[in-house]
There are 2 protein chains.
Amino acid sequence: MATSVTLSDVAREAGVSLATASRAINGSANRTVRADLRERVLAAAEKLRYTPDANAQAMARGRTTSLGLVVHDIADPYFSTIAAGVSRAADDADLQVTLASTQHRPEREVSLVRLLQRQRARAIVIAGGRYDDEPTNAAMRAALADYRESGGAVTLVGQPVLDVDTVVVDNAAGAAALARALHDRGYRRPAVLGGPEHHLTARERREAFMDAFAQAGSPVQPAHVVTGEFTHDGGEAAMRELWATGPDVDVVFAVNDVMALGALAACRDLGVGVPDDLALAGFDDIFTLRDVVPPLTTVRVPLEEVGALATQLALEEHTGAPRRASVATEVVLRASTPDRT
Amino acid sequence: MATSVTLSDVAREAGVSLATASRAINGSANRTVRADLRERVLAAAEKLRYTPDANAQAMARGRTTSLGLVVHDIADPYFSTIAAGVSRAADDADLQVTLASTQHRPEREVSLVRLLQRQRARAIVIAGGRYDDEPTNAAMRAALADYRESGGAVTLVGQPVLDVDTVVVDNAAGAAALARALHDRGYRRPAVLGGPEHHLTARERREAFMDAFAQAGSPVQPAHVVTGEFTHDGGEAAMRELWATGPDVDVVFAVNDVMALGALAACRDLGVGVPDDLALAGFDDIFTLRDVVPPLTTVRVPLEEVGALATQLALEEHTGAPRRASVATEVVLRASTPDRT
DNA sequence: TTGTACGCGTTATCAT
DNA sequence: ATGATAACGCGTACAA
């Protein structure tokens with residue numbers, strides 16, 4: 001079975017030394033091998049169907065060619081779009097992507113990082129958002145510090161709370177701009193489907209939105225803020241919970257699009273017309289939105305670029321303090337929040 | 001920088017031999033190491049923050065712990081859902097998933113397989129559909145034969161045209177059942193957005209649908225079959241093309257949901273009411289459908305299970321002829337194809 | 001320019 | 001039960 005042809009076989013077949021065969025085949029920096037020998041080696045490799053062993057190369061060279069990507073759920077469009085960006089950038093850098101998924105269990109992140117460290121991944125991109133949970137963050141910090149001491153690079157997508165390079169999405173500015181835009185359109189009784197209470201991205205969006213609306217003179221009533229999971233089901237449940245209180249509300253902001261879609265489903269089910277009875281807005285501008293009726297107002301985050309940027313950042317040589325790459329967001333007003341003025 | 005602690009360091013620190021340290025740490029089959037020594041070793045490892053090198057282990061053991069997944073575009077919900085299934089199954093088997101994407105260029109598949117072979121991946125799951133393109137298929141067959149001779153296992157999701165284990169989705173039965181169901185609901189003037197002409201999955205669905213409708217007495221008019229890309233944009237373009245001919249049509253079947261969503265977008269844009277002016281159906285039942293209005297009729301394919309099944313199949317010991325695992329599909333009638341009788 | 005020989009970190013074989 | 005030591009497949013000083 002596992003009868004792999006090795007470089008020694010090729011060398012023997014070509015009648016040269018192992019070293020020459022190695023040089024001829026990887027053709028690295030010092031391309032110092034006579035043309036005819038090179039030909040012989042290549043021919044022998046072809047004939048024997050030689051396939052280099054990346055693991056052995058990694059050992060000998062002291063570095064691998066793989067990059068780790070940590071997500072919560074690859075089926076979630078948010079993560080899969082980021083993954084597409086990571087994949088493209090990794091490809092450009094001739095790196096393999098190792099996909100590590102927590103399967104919705106954030107506490108697994110630490111062990112995934114350890115796994116990627118065992119694999120000696122050159123870099124790790126962590127796409128899952130942080131929580132306001134110091135013990136967990138401390139564990140991650142420790143794991144990442146270990147990893148970085150061993151020579152690995154890390155980029156986080158989210159909040160800069162882990163002492164590593166971070167791609168920071170400007171959630172606060174986006175949410176505030178959205179709030180102002182909605183206020184300008186005449187909305188005065190906002191509600192928020194706020195996601196997990198301790199999820200930092202959710203919190204940033206939630207609080208910035210609330211602050212901006214308050215500043216505009218129409219504070220969100222405490223009863224009109226409901227927390228829940230950062231998922232479709234979570235959004236649906238949150239919307240039902242909100243509606244059950246018979247709230248005096250004219251616009252609902254879900255802190256991400258997936259939740260907004262869940263909320264929309266709830267509205268359909270509850271007989272609440274969007275936007276006639278209620279306006280609705282989300283955040284992220286995932287691709288899926290283009291297939292939804294009514295078109296959903298949201299704040300665009302260039303997810304694929306975020307993934308690519310995070311990857312490039314991780315791959316750049318760099319020492320010193322953790323860097324921050326800021327990504328701007330953009331309010332996209334659509335039919336789900338018509339002008340009421 | 002890259003100053004990794006090795007097992008030798010641990011052994012020295014614990015005052016035992018390399019061999020003992022190895023046995024103590026991996027605790028493999030022959031767990032023959034005295035308790036106190038084991039403790040010392042573990043303590044030393046902990047103290048030194050030792051992390052095993054998976055590459056070195058792979059070399060020594062002769063097998064890696066990674067599994068390759070080949071897709072066209074991880075951002076496509078079809079692939080990302082399959083990927084979720086693969087990820088879960090791989091996790092259960094303690095394998096890492098290496099994500100290899102063709103970035104929409106099917107001809108890159110061969111080189112991705114070679115890449116995964118270099119990496120000595122234990123198994124490869126290929127999720128992209130096949131084309132009726134013998135030269136390309138021959139190249140893939142050769143690459144996969146090489147890979148399998150070197151000890152790797154392969155499972156294909158799609159058509160059994162590559163001499164490897166294949167998870168076969170029963171496209172024909174599903175499409176035929178859909179056609180009959182539509183006919184039963186009173187539809188008599190069908191059209192087909194048929195995807196790429198030589199894409200086997202597209203073709204199977206297209207032809208089975210057409211055959212079944214013909215058998216029911218209402219053949220699809222040749223002018224009402226339009227080909228195009230297997231994407232959202234492809235579906236949109238195909239719908240526009242179809243509509244431009246002013247066709248006498250009462251139901252449109254798009255050979256996958258992503259295309260159907262594109263078609264739906266075109267309809268919105270063209271002012272064609274679905275389902276009032278035209279009924280619409282797709283295939284796959286991707287998650288996204290639950291957010292679309294009207295709810296789209298489709299044929300369900302259990303994508304996540306398909307991914308998991310493909311992975312399990314690849315991991316089972318097996319010799320002899322390529323196996324076939326058949327996956328049933330199920331017609332799901334929704335509001336986009338109301339009863340016209 | 002080519003070849004020899006050592007090292008990469010681990011497992012496994014074989015004595016002890 | 002434990003310890004030397006030889007693989008594993010390759011890259012690369014160093015020597016020739």
Requested in this report: Examine D:dG3: is either OP1 or OP2 under 4.0 Å from a nitrogen or oxygen in the side chain of B:Thr20? Give yes or no.
Outcome: yes
Query raised in the report: Does OP1 or OP2 of D:dT2 have a side-chain N or O of B:Arg34 closer than 4.0 Å?
Result: yes
Report task. For B:Met59 and for B:Ala35, find the nucleotide of DNA chain D with the closest heavy atom, then tell me which residue's nucleotide is more 5'. Result -> B:Ala35
Query raised in the report: With distance as the sole criterion, do the side chain of A:Arg61 and the base of C:dG7 form a donor-acceptor contact below 3.5 Å?
Result: no
Report summary line: Considering only heavy side-chain atoms of B:Ala19, the closest of D:dG11, C:dT10, C:dA12 is C:dA12
Query raised in the report: When the distance from CZ of A:Arg38 to P of C:dT2 is rounded to whole Å, what number comes out?
Result: 10 Å
Query raised in the report: Just wondering, do B:Thr51 and B:Val5 contact through their side chains at under 4.5 Å, heavy atoms?
Result: no
Query raised in the report: Does a side-chain N or O from B:Thr6 land closer than 4.0 Å to OP1 or OP2 of C:dG9, or not?
Result: no
Query raised in the report: Has the side chain of A:Arg120 got a donor or acceptor atom sitting under 3.5 Å from an opposite partner on the base of C:dG9?
Result: no
Requested in this report: From the options C:dT11, C:dG3, D:dC10, select the nucleotide whose nearest atom is closest to the side chain of B:Asn26.
Outcome: C:dT11
Requested in this report: Kindly point out which of D:dT2, C:dT10, D:dT12 is positioned nearest to the side chain of B:Leu37?
Outcome: D:dT2
Requested in this report: Establish, with yes or no, whether the OP1 or OP2 oxygen of D:dC10 is under 4.0 angstrom from a side-chain nitrogen or oxygen of A:Gln57.
Outcome: no
Query raised in the report: Can you tell me if the side-chain N/O atoms of B:Ser22 get under 4.0 Å from OP1 or OP2 in C:dT11?
Result: yes
